[in-house]
Each structure stands twice: as structure tokens, then as C-alpha cells.
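Below, read A as the first sequence line, B as the second, and so on, with proteins coming before strands; counting in each chain starts at 1.
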Amino acid sequence: MNAIDIHRKLEENAGLLIFGILFVSAIGGLVQILPSIFQETVEPTAETRPYTAAELLGRDIYIREGCSTCHSQQVRPLLAEVIRYEAPAHAGESVYDRPFLWGSKRTGPDLSRVGEKYTDEWQRIHLVNPRAVVPKSIMPAYPWLERRKANSGNDVHLRMKALQRLGHPYTDEEITRAAADVAGMTELDAIVAYLQSLKIDTSVDPSEGGH
Amino acid sequence: MPFEFWSWWVAILTLTSLFGLGWVTYSAYFSPDRRAKADEEGAQSDTVWDQNLREGGRPAPIWWFWLLLSLLVASVVYLMLYPGLGVFQGALNWSSDHRLANRLMAYEMTFGPKREAVLVKNYSELQADEDLMKIAERLFGEHCAACHGLDARGQANRFPNLTDSEWIWGGTIGDIDKTIREGRTANMAGWADSFSDDELNLMTDLVLEMSRGESVEELPIKPLYDASCAACHEADGTGNPLLGGPDLTNDIHLYGSDRASIKYTIAQGRNGEMPAFKTLLDNTEIKLLVAWITKNRK
């Protein structure tokens, strides 16, 4: 028996060939994907918490406006990035991100540690017209955020309920009062709340692995 | 299933695949059957399709074999040196965390002493050093310019000009250092509920008079100013840097110098915030920034 004989058999038997192809192409998945499904789950870091109702709405607006097309949310363990953005990203920081927004391209800066770097007022001015504070900015303006109500679909509690079902530790009380929490908020308020929540988790030792 | 199981799972599948690939490659070139065929002129495979179609039977060029072999060897060498086979860390014990830690250490060794050197110099020495001032300018561009502008002249009628003579929270080196380190929060109350519209207009007139440097002592609204505004802005309007009450006796008004802006400020109040930078910047960086800012102002 050698490879040529096997090859001949496969060539003459389509069913066997299909099975063979499936088997060979499954090997990569068996090595890469299967073990990670069965391994212990990633635990949130000490300071990682589920998003509040306002932050959650802001995050959905961030997704809707395609912010992650130009902004990443992952600090890689490289010297230059750590000097600029502080500690590298940790898997535990992303457990409440569904879907995660790590992104793969930086036309603008990384935003995973942008929280509290600027004041709310700066963020508002900048989102409505980036050129007002950064004259050379190429970021688009988002003036409609100021005019639209964040919870106009009146569904923030449903979004939280869906996440609760997926395992986010929202209490029923938090979900019940969610609509009241964001009453009157504009989309601008919500996305600023979200951006200000993106903070470095100081409880993680940067020399410790996990990213 | 336990961690060890998956570790072995990965290692065994990986090695079996490598072995299998090696065997297929070798066999395709060097099985006795194959070699006999390769020597024949016009060799054909034994398989016949549709009664008379036969496939050519020559093996692939030999350099493909060497290419595949070298890739297999490289894979094995890689898996011996670097992590890949389950929990086996590889002979080099390489990890991205180790690499980062080493580079950070090298970075610290290069720049640590330079940072220390900045801390022992006094401000005028720093300001005389052109290279350090260039570094300070870049620091300003990275951390401060988003609000105060690249030229430090302030922006958007919200963020103060740092090149003029007015310093709401005080302009000494100590004040500026504290402002950067701790941040500042300014709250001016809105007076729309307490003042009538007439009073708002008269008060706006008073502020405009003050900013022209004219005396306001005789104005009928002055007693109301003394009662409501003097606590932060002082009776003579020169302001109180301890409370962040701006000087009203010049024509610098952060939120706009026109009549409408000033009236709005009096009626609705203003909230200003400078974030604290003590966790973002180290002592050296703050010192360089203070030196640069005080060098560039009037």
C-alpha cells in the first residue's frame, strides 16, 4: 500500500473522495477550534462589568455608524502600542462585548482606552464636528446623533434581556429600570457614555498573559 | 474534558498530520511502482476512463519534492522552538509577553536616565534646551492639543488659550503643574431663575463695561453684582484663581466675548472641566509640559 494506490482508489470512488476531502479540511478545525470550545471560559477581569443601559445603546450606535471600520479596540503587546495606549488588551476585558469590536484597521486611533481621556464636552463637540477641535481631522461628522433619541425604538430593556439570556449578569431590576435610565437621552449622550466607559483595567498585571 | 487531554489532542493531531504529509510526499515520488513508471517514455496511469481515456503518469517535477520536504522540516523545527504543540512552550520559551517585557526593560534602560535628568534640571534650563522643548511640543500635541489646539491658543470657545496672560486657575508654575496633575472642574451657576431679564441685560452691560476697563462703581446693578458675583469674580472683577473665577477686567472671555454669549453665560451658567493627567503622564512629562507652556505664553 502506498500513496499512489490510495490516490487511485480515491479517484475512482467519488463518495470516498468527498469523505477524504472533508476529513483533511476538518483537521485544521479539530486542532484550532474544537479545543477552544471545550476549554474553560474566559473570566472577566476584576473591573470588567456589563454595559449600563446608556452605554449599551451607545455601543449599538457605535456599531451602526461603523466606527470600528476606522477605530480598533485592541492594544497589541508591542512596545510602541503599550507606550501610547498603556497595557495590552486582555481577553477578560471583552467578555461582555457581543460582538467584540476589536477591529482590524486604524485610520483613527485605538479607542479601547479612550474613556476619561477627554471630557464629555470635548467628545460631544468632536462627534458633531471633529474639525472644531482637531483642524486636520479626516473623521466624518455625526451631527444627527444630537437630534435623535437614543431609545427611540423603546427596546433597550429587550436588548438587555437578550444579553441576560446569553449570560451577562444583569439583574431583573436593572432591566426594568433601563428605559427610565435612558429617558430623554440623545444618541450623542449614549455614545459619549459608551466611549467614556472604555477604560484600562488597572487590576490586570500587564506582564501577565491572557491576550 | 481536561486541559491535558486537549493539549495531547493538539500535539498528536499536528504530528500525525505532519507525518502523513511526509509519507504522501515521499510515496508519491519514490514508491517502486512510481519510479518504474517515471522511467518509461510516455508513461500513463493504469486508470482508464470512458473505455479509452488514460491519464499521463509522470510524477511532478522533483524540485516540488524538495520544496515540500523543506517546508515539512521548517514546520518541525518551528514546533521545536516555538509554542504550538499543545502546552509545550518550545525550546526558546518564547512568548509575546516575554518579548514585550524585555523591550519595555530595554526602553526603560535607554530613557529612564534621560527622564531622571529632566527632573533635576530647573525650568529655565529646560526651556533653553531646544531638543527637550521639541519633545515637550510633541507631548503637547499628543495629550493637550485635542482641546487646546496644536498652537495652544484654545479652541471652540470652550478650551482656554494657553498663550495669553489670563490664567483662570492661576499661572504660576505650581498652579499649572497642579492643573495638569489633578485637573480642574469649574462650575458657574446660571442666574436665569434669580435675575429678571432686565437684570440679566444690565449685568451683561456691566461685564462688557468691566472688560473695557471702565469703572462700574456707579452702575445701578453693581450692588447685585457684589451680592451674586463678587464671591468668585471679586468686587473689582479681577477674579479669584483659587476658585477658578475668571478675571472679568480684560476682553478675554472663554465662552465668547460678544453680548449674546456673555448674557447666555450669566443666564445659564457654564461648566468647564480639565481632566486629571496624573495617571497618563509621569513627572518628567508634566515638567516638560509646564516648561513648554510657560515658555510660549506672553
**Asked** Where on Arg158(B) is there a heavy atom nearer than 4.5 Å to chain A: the side chain, the backbone, both, or neither?
**Response** side chain
**Asked** Measuring from Gln32(A):CD to Leu13(B):CG, what's the distance to the nearest 0.5 Å?
**Response** 11.5 Å
**Rounded distance [0.5 Å steps], CG in Leu34(A) versus CH2 in Trp6(B)** = 4.0 Å
**Complete:** chain A shares the most heavy-atom pairs under 4.5 Å, among Thr279(B), Thr14(B), Val10(B), Leu150(B), with Val10(B)
**Item:** Test item: Pro88(A) and Leu100(B) side chains (from C-beta on) under 4.5 Å apart, heavy atoms
**Value:** yes
**Prompt:** chain B contacts: which residues in residues 116-128 of chain A have a non-hydrogen atom closer than 4.5 Å to it?
**Reply:** Glu116(A), Lys117(A), Tyr118(A), Thr119(A), Glu121(A), Trp122(A), Ile125(A)
**Message:** Just so I know, are the side chains of Arg76(A) and Ser96(B) near enough to count as touching, which here means a heavy-atom distance under 4.5 Å?
**Reply:** no
**Asked** Is the CH2 atom of Trp144(A) crowded by more than 12 outside heavy atoms at less than 6.0 Å?
**Response** yes
**Item:** Portion of Val82(A) that has a non-hydrogen atom of chain B nearer than 4.5 angstrom
**Value:** side chain
**Request:** Mind jotting down which residue pairs meet the ring-ring contact (aromatic ring centres under 6.0 Å, His included) criterion with at least one end in residues 53-73 of chain A? Sequence neighbours excluded, please.
**Result:** Tyr62(A)-Tyr194(A)
**Fill in**
Interatomic distance, CZ@Arg99(B) vs CG@Leu79(A), rounded to 0.5 Å, equals 10.0 Å
**Prompt:** Got a second to check how far Leu104(B)'s CG is from Ile83(A)'s CD1, nearest 0.5 Å?
**Reply:** 6.5 Å
**Complete:** Under 4.5 Å to a heavy atom of chain A? For Ala276(B) that would be neither
**Asked** Taking Leu78(A), Asn129(A), Ile27(A), Val134(A) one by one, which has the highest count of heavy-atom pairs under 4.5 Å against chain B?
**Response** Leu78(A)
**Prompt:** Just wondering, more than 12 heavy atoms not from Arg153(B) lying within 6.0 Å of its CZ?
**Reply:** no
